[in-house]
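Notes follow the structure.
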Amino acid sequence: MVCNSNALWSASEAEAHINQLAQPLDPQRDRELLPLTQSLGRVLADTVTSPLDFPHWDNSAMDGYAVRFADVQQCSADRPITLAVVTEIPAGKIPQVSIKAGQAARIFTGAMVPLGADTIVMQEDTEREGDRVILRQAPQPQAFVRHRGSFQRSGEPLLPAGIQLQAADLAILAAAQCTQVPVYRWLRVAIFATGDELVPPDRPLQPGQIVDSNSYALAALVQQGGALAQVFGIVPDSRADLRRAIISAQESADVILSSGGVSVGDYDYIDELLQDLGATLHIRSVAVKPGKPLTVATLPGVGDDRPRLYFGLPGNPVSSLVTFWRFVQPALQRLSGRRDAGCRWLTVPTAEDLHSGGDRETYVWGRVTWTQGGNGEEIQFNPAPGYQNSANLVNLAQTNALAQVPLGVKRIGAGDRVQVLLV
């Protein structure tokens, strides 16, 4: 089935349509409980509610003395106050006495504030004489007391669903004694490269052959994004072989990525085979450079009712990566259940002129750099050196951004501001 796929889509139109197709995993059906130690990088499927107050009890933020503010509020260098030290409270111990008028407790950072006390005086602001402490400066009321529940109340949302768990998130979950974490299952992404000319990196290269680099780059990007890459390898330009590869990927994965075979050549069979297999073709070309040939389709689900999203990327290595960053990566984030799914754009000055033919939205690859200048921190985009060509994979190394030259614009001058996609 063809769904207005012969049109040349703008990048923004294609992005919007792909977002509609990329329906997130089901938080009930597509979830699992994992031990806290195995949850790094996974996407939280449910909002986690804290069973505890944070802090768990009133505690001291400093080493010093727990006192009653009423006893020390008139304290000054001319009118020092002397208090009896009646107990010592290290962290992790329950106070055994209450503080009464004229008394103080030696207390350490993190220790529970005893009943009766409401203020902490830093030890640097005191003098100790035996079992007494002298204060020559009035503290602020409730100084250095971390009150129970002042950071977070029991029963309140602690972490929202849809975040990709990082180290600090795991620390929060551990502090809340959440040892089993509800996360989305891995999104499964099948990857294969098409072409009789392709050979794997470990095979001797013959005249006319090309080493398959796309499979390795795409698998790495899928894994970096928190999905499971299923690499099928190289599939020759054979209708039968390609059909088998697509069916196999359809049976095992949520998303299928192929590179090559989506242009208008005599051996570009992908679109034809997709239609034969009952797919709906949504997009076949996008007005971007590099990466004009881009097939986006949906295949029927196998074994469940969830359709398979298919991306047929260009074969040229730079085109393949650019279309992945621009269109596929945000779709995978959305499918994985991430609430922050989408391209990350910055507007920064360009260090050099950027050029385009003007007939397509053009992406120039390079690096966004942060430097410390005379006016503070400076940020700019630096195009990658050398020839920017869709087949030139070499100068893509260590790039971290794509500068966007909009449709109809042929030049952006050095020093002018440009939108860059962080990759």
Side-chain angles (χ1 to χ4, degrees), residues 24-28 30-70 87-99 104-125 139-185 225-226 333-334 336-342 344:
L25 294 172
D26 188 302
Q28 299 305 317
D30 298 313
R31 57 179 278 159
E32 55 188 347
L33 280 175
L34 285 185
L36 182 61
T37 53
Q38 298 176 20
S39 300
L40 181 65
R42 303 299 291 268
V43 178
L44 198 59
D46 284 338
T47 297
V48 174
T49 301
S50 174
L52 303 171
D53 289 327
F54 286 89
H56 310 321
W57 50 78
D58 291 358
N59 70 90
S60 176
M62 289 286 179
D63 290 347
Y65 293 86
V67 302
R68 293 168 12 116
F69 181 70
T87 188
E88 181 174 285
I89 312 170
K93 298 297 183 182
I94 300 173
Q96 299 299 309
V97 300
S98 298
I99 303 303
R106 179 73 168 110
I107 197 167
F108 297 90
T109 301
M112 294 179 68
V113 176
L115 292 176
D118 57 17
T119 300
I120 305 298
V121 180
M122 289 193 302
Q123 65 182 26
E124 293 89 341
D125 295 334
Q140 294 294 314
Q142 301 188 52
F144 304 117
V145 176
R146 296 186 289 221
H147 292 282
R148 177 174 180 168
S150 59
F151 301 161
Q152 182 83 13
R153 291 281 186 188
S154 171
E156 292 180 347
L158 188 63
L159 292 175
I163 62 170
Q164 189 173 31
L165 294 169
Q166 306 299 327
D169 305 316
L170 298 191
I172 292 167
L173 292 171
Q177 297 185 312
C178 179
T179 58
Q180 295 292 311
V181 186
V183 298
Y184 285 101
R185 66 166 173 81
Q333 293 171 350
R334 183 173 171 79
S336 297
R338 285 178 53 173
R339 60 191 289 140
D340 63 345
R344 299 180 302 152

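These numbers were taken from a predicted model, which means no experiment stands behind them.
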Any donor and acceptor pair, going by atom type alone, linking the side chain of [X] with main-chain N or O of [Y] inside 3.5 Å?
X	Y	answer
Asp169	Ala167	no
Asp125	Met122	no
Glu156	Ser50	no
Asp26	Gln28	yes
Arg339	Ala161	yes

Derivation of the side chain to side chain contact (heavy atoms under 4.5 Å, CB included) call for Ser154 and Leu52: CA-CA 5 Å; Ser154 171; Leu52 303 171; 5.8 Å; no
Residue set satisfying ring-ring contact (aromatic ring centres under 6.0 Å, His included) with His56, at least two apart, ordered chain then number -> Phe54
Glu124 CD: over 12 foreign heavy atoms closer than 6.0 Å: yes
The residue among Ile172, Leu36, Leu40, Val183 that forms side chain to side chain contact (heavy atoms under 4.5 Å, CB included) with Leu165 is Val183
Decide side chain to side chain contact (heavy atoms under 4.5 Å, CB included) for Ser39 and Leu170; before the verdict, give the C-alpha distance in whole Å, the side-chain angles of both, and the deciding distance to 0.1 Å. CA-CA 8 Å; Ser39 300; Leu170 298 191; 4.1 Å; yes
Go through the structure and list residues passing side-chain hydrogen bond (donor to acceptor under 3.5 Å, both in side chains) with Gln164, not counting sequence neighbours. Arg338
Atom [atom1] in [X], atom [atom2] in [Y]: separation rounded to 0.5 Å?
X	Y	atom1	atom2	value
Ile120	Phe108	CD1	CZ	12.0 Å
Ser336	Arg185	OG	CZ	9.5 Å
Ile107	Asn59	CD1	CG	8.0 Å
Asp30	Tyr184	CG	OH	8.5 Å
Phe144	Thr119	CZ	OG1	10.5 Å

Looking at every heavy atom in both [X] and [Y], which two are closest together, and how far apart are they?
X	Y	result
Leu158	Ala176	CD2-CB, 3.6 Å
Val48	Cys178	CG1-SG, 4.5 Å
Ala66	Ala117	CB-CB, 3.8 Å
Pro24	Gly337	CB-CA, 4.2 Å
Pro114	Val97	CB-O, 3.8 Å

Tell me, with the steps shown, if Thr47 and Leu159 meet side chain to side chain contact (heavy atoms under 4.5 Å, CB included). CA-CA 6 Å; Thr47 297; Leu159 292 175; over 6 Å; no
[X] and [Y] ion-paired at < 4.0 Å:
X	Y	answer
Lys93	Glu88	no
Arg148	Asp58	no
Asp46	Arg31	yes

For side chain to side chain contact (heavy atoms under 4.5 Å, CB included), just list the numbers for Leu34 and Arg42, CA-CA rounded to whole Å, side-chain angles, deciding distance to a tenth of an Å, and then say yes or no. CA-CA 10 Å; Leu34 285 185; Arg42 303 299 291 268; 3.2 Å; yes
Side-chain donor-acceptor contact under 3.5 Å, Thr109 with Asp63: yes
